2 protein chains.
Amino acid sequence: MTDLQQPGFSRCNNATLRRTARRLGRFYDEALAPSGLKGTQFGLLFQISVSGEPAMGAIAEALIMDLSALGHTLKPLVRDGYVETFPDKDDRRVKRVRLTPVGQAKLDEAIKLWSVAQQQFEARIGTEQAAKLRATLDGVAALDLEMPAAAPSR
Amino acid sequence: MTDLQQPGFSRCNNATLRRTARRLGRFYDEALAPSGLKGTQFGLLFQISVSGEPAMGAIAEALIMDLSALGHTLKPLVRDGYVETFPDKDDRRVKRVRLTPVGQAKLDEAIKLWSVAQQQFEARIGTEQAAKLRATLDGVAALDLEMPAAAPSR
DNA sequence: CGCAGAAAGTGGCATATGCCACTAATTGCA
DNA sequence: TGCAATTAGTGGCATATGCCACTTTCTGCG
């Protein structure tokens, strides 16, 4: 029980997750640094790349990001010419996103750097363990979490 | 192999971790909302609480946070009177931190809210699984990650 | 057809995090 | 003793994320 006090370790699932995210984030960021991209930006470019000209809402949903947060995160990438947006043909509310040629090249460049970090990391914990961890995390992300009876519909 | 394309799922350990962190973060934030604290602030107050008047560097290390990031994150808590700082007696470079009575009360209040979220979450994935996940995450956070031979000392 | 309500984004505001350049204190020697 | 190197924080700048209030479009119906 005393481990509650152990510096840096918490029973809080959220705190533990964030703590590790900071750690791993720095590692991947360091690896990607030569490309000028941050881990988040890399992930975003990748997601856009594998989705065909996705709508912003679709990206936000896939990455479990707030739509407005996505908009903000996208700005530097648009500014730097890696990404461009265009209106959907059928629904003028919808804004679609795609990589520019420069963005695709930058992504290709970053993938090489990312691979090194990814391999380095998996060399430490094992490819199997990494896959298992990702599966667990994806499972958690898919949970339909709800606070208990927010509205007593009596 | 085609799962590389699955929307929202990535082989990138970092992206997966961040994605889940966003998801879980929102859940805990929602639970803590009535207290006015965010999950991060809660975790920070808690860490300060269980460490005896820790130095900023100690907190940063425990939470694997950048020291300057900690300083920034601490500001709103100081501003709101939950936390106060004071210089170390022996080393004037060191700044120590502690909760104010108001801060302690706020933490107590938040712990009640946090417990609900924590229980709700563990009711979904199981207490055992949650503990296992935290252990894995703590293990990852403890890894001595390094990029391969940055300097080809050949 | 016309309007109420839903759906998709935007902008503003606030916190979360990091890096870098600097300042102030301490320490470790020669 | 005295200065170079180290250590602890700070401030500025930039990205990461969320929430809320709004605007613009669409949709579904009466």
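None of the values given here were measured: they were computed from a predicted structure. To find a chain, count down the sequence lines: A is the first, B the second, and so on, and within it residues start at 1. In what follows, every heavy atom counts, from backbone to side chain, and hydrogens, waters and symmetry copies are set aside.
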Counting only non-hydrogen atoms, which of residues 85-94 of chain B are less than 4.0 Å from DNA chain D? R93(B), V94(B)
Could you list, one pair per line, each protein nitrogen or oxygen that sits under 3.5 Å from a nitrogen or oxygen of nucleotides 10-16 of chain C, together with the distance?
| from | atom 1 | to | atom 2 | distance (Å) |
| --- | --- | --- | --- | --- |
| dT10(C) | OP1 | K95(A) | NZ | 2.0 |
| dG12(C) | O6 | H72(A) | NE2 | 3.4 |
| dT15(C) | OP1 | R79(B) | NH1 | 3.1 |
| dT15(C) | OP1 | R79(B) | NH2 | 2.7 |
| dA16(C) | O3' | R18(A) | NH2 | 3.2 |

I'd like to know if R96(A) pairs up with E53(A) as an ion pair, taking the criterion as any Lys NZ or Arg NE/NH1/NH2 lying under 4.0 Å from an Asp or Glu carboxylate oxygen. no
Report the distance from atom CD of E30(A) to atom C1' of dC19(C), rounded to the nearest whole Å. 12 Å
Is there a donor-acceptor contact under 3.5 Å from the side chain of R23(A) to the main chain of L143(B)? yes
Check: A15(A) main-chain N/O paired with S10(A) side-chain donor or acceptor under 3.5 Å: no
Are the side chain of R22(B) and the backbone of L63(A) linked by a donor-acceptor contact shorter than 3.5 Å? yes
Atom CD of E61(A) and atom C1' of dA7(C): how far apart are they, to the nearest Å? 13 Å
Between dA8(C) (C1') and R96(A) (CZ): distance, integer Å: 12 Å
Output the rounded distance in Å from CG (L32(A)) to P (dG18(C)). 16 Å
For R19(A) and dT17(C), what is the distance between atoms CZ and P respectively, to the nearest whole Å? 13 Å
Looking at R19(B) and D138(A), is any side-chain nitrogen of the basic one under 4.0 Å from a carboxylate oxygen of the acidic one? yes
Select base, sugar-phosphate, or nothing to describe what I64(A) touches, counting heavy atoms under 4.0 Å on all strands. sugar-phosphate
Tell me whether S49(B) contacts the main-chain N or O of L45(B) through its side chain, where contact means a donor paired with an acceptor under 3.5 Å. no
Assess whether a salt bridge exists between R134(A) and E122(A), defined as any Lys/Arg side-chain N lying under 4.0 Å from an Asp/Glu carboxylate O. yes
Taking atom CD of E61(A) as the centre, does the number of heavy atoms from other residues, nucleotides or ligands within less than 6.0 Å exceed 12? no
